[in-house]
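First the structure, in the form of structure tokens, and then the observations on it.
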Amino acid sequence: MARRTRLLALALAAPLLMSACSTDDSGSSSSGSTSGSANSDAAADGDLSFAVITHGSAGDAFWDVVQKGAEAAGDDLGVGVDYQSDGDPQRQSQLIQAAVNQDVDGIVVSMANPDALQDSVEAAVSAGIPVVTINSGAERSAEFGAIGHVGQDETIAGQGAGQRLAQDGAKNVLCVVHEAGNIGLEQRCAGASQGLGSNVKLLQVDINDLQAAQSTITSQLQSDPSVDGVLTLNSAVASVAAAAASDAGSKAEIATFDLNGDVIAAIQDGSVAFAVDQQQYEQGYLPIVMLKLYAQNLNTVGGGQPVLTGPGIVDSANVDQIADLASSGTR
């Protein structure tokens, strides 16, 4: 009740600052907090402070864009944003608990492994801290007490990828999973099977060892020449898959989820056919907007349904329009 009273007082005392959201990949135990006059003033004035805690792994450019979105929203809205990430679900849970202990005003969390995070997320909710989930775990978000979820529906996105591969003539497709136990990646592959009309073959690699991932994909393509499609679920893995196809002398079509500069260039040169874009900048930016609206006006967004940021297809028809945005780090 004390927290609710404080939030309502803030709603009366401060105007709601809003700005237009720009559309649009960090490491184990790495962290980054916002800088700039807006956030410095917010901290000095004791205004709202939000924690963003994701499962991003080292070297994953996807989560760099999420972080940029969250920090840009913090600057635009004049609130404090502290971004941290850890690919280990137990350590991610500890980061959430630390944010609860710090009595932050809101928490944004990606839930690649919902079961491992349930206790810490529910502890935040029990402490009166609003939670918005992003990217993964949409189907458990409301169950854990979150006020909203921002991301793409992984099954629907997978179906779209599978349908596009089928249209391109693919029949025997590898789905390359780069994080063991990530429920969202499993949903993408399951959706791809539905869209393709036949089961994709799962191939496990480790995103933290891209050289080994390339070797694994190369070996699979060499051992099974009938593979005519490779669907990766991460932009960094897409690059090594394209190299693996070249090493194996395979004509398999390479497609991927998510964008980075290398994938943009690969679509432009034809080594990657298309990317499923979930606009992860929005997954960083929009939850900060949602938390501020809730803190100052008790607004919720989505009506109990996820706020979808994708999917969209980036291919040769529209890649040049996306290229400049990707180079600036917002796609």
Side-chain angles (χ1 to χ4, degrees), residues 25-28 55-64 85-89 112-113 135-136 154-155 157-158 161-162 164-166 168-196 198-267 269-276 278:
D25 267 260
S26 149
S28 180
H55 66 277
S57 299
D60 191 337
F62 175 95
W63 291 102
D64 290 344
S85 67
D86 200 301
D88 180 277
N113 190 323
N135 184 260
S136 308
E154 303 292 13
T155 300
R164 174 59 183 267
L165 285 164
D168 291 348
K171 293 181 172 30
N172 186 10
V173 175
L174 293 179
C175 192
V176 184
V177 179
H178 59 273
E179 290 176 351
N182 186 326
I183 188 171
L185 303 185
E186 296 169 2
Q187 291 168 342
R188 290 179 183 180
C189 291
S193 293
Q194 296 167 13
L196 185 67
S198 61
N199 288 334
V200 301
K201 181 176 180 178
L202 302 186
L203 183 65
Q204 182 73 54
V205 301
D206 183 356
I207 193 173
N208 296 308
D209 191 345
L210 290 174
Q211 184 174 357
Q214 181 174 331
S215 297
T216 299
I217 299 169
T218 299
S219 296
Q220 187 66 38
L221 292 174
Q222 290 173 332
S223 65
D224 187 358
S226 71
V227 172
D228 53 11
V230 178
L231 177 62
T232 68
L233 309 179
N234 173 275
S235 54
V237 182
S239 297
V240 301
S246 178
D247 292 343
S250 171
K251 296 186 181 299
E253 178 174 299
I254 309 299
T256 190
F257 278 73
D258 305 330
L259 290 175
N260 64 9
D262 291 338
V263 169
I264 293 288
I267 295 173
D269 69 26
S271 57
V272 170
F274 66 88
V276 180
Q278 60 177 303

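Keep in mind it's a predicted model, so treat the numbers as computed, not measured.
Between the side chain of S215 and the backbone N or O of Q211 there is at least one donor-acceptor pair closer than 3.5 Å. Looking only at distances, a side-chain donor or acceptor of N260 sits under 3.5 Å from a matching main-chain atom of D262.
The shortest non-hydrogen separation linking A166 to G195 is CB-O, 4.3 Å. Heavy-atom minimum distance, I254 versus A241: CD1-O, 4.0 Å. Across V263 and D258, no two heavy atoms sit closer than the pair CG1-O, 4.1 Å. Looking at every heavy atom in both residues, L185 comes nearest to E179 through CD1-N, 3.7 Å. Smallest separation of non-hydrogen atoms from V237 and H178: CG2-CB, 3.9 Å. Taking every heavy atom of both residues into account, D228 and N172 meet most closely at OD1-N, 2.8 Å.
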Requested in this report: Please lay out, stage by stage, how V230 and Q220 fare under the test side-chain contact (heavy atoms from CB on, under 4.5 Å).
Outcome: CA-CA 11 Å; V230 178; Q220 187 66 38; over 6 Å; no
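To the nearest 0.5 Å, atoms OG (S219) and CG (D224) are separated by 12.5 Å. Atoms CG and CD, from D209 and Q214 in turn, are 11.0 Å apart once rounded to the nearest 0.5 Å. The distance from atom CG of N234 to atom CG of D60, rounded to the nearest 0.5 Å, is 4.5 Å. The CG atom of N113 lies 8.5 Å from the CD1 atom of I183; values are rounded to the nearest 0.5 Å.
Contact of the N135 side chain with the H55 side chain is registered, since non-hydrogen atoms from C-beta on lie closer than 4.5 Å. Residues C189 and V177 are in side-chain contact: their nearest non-hydrogen atoms beyond the backbone lie under 4.5 Å apart. The shortest distance between side-chain heavy atoms of S193 and N199 falls below 4.5 Å. Between D247 and L221 there is no side-chain heavy-atom pair separated by less than 4.5 Å.
Shown here are the side-chain contact (heavy atoms from CB on, under 4.5 Å) partners of A192, two or more places apart in sequence or in another chain: V200, L231.
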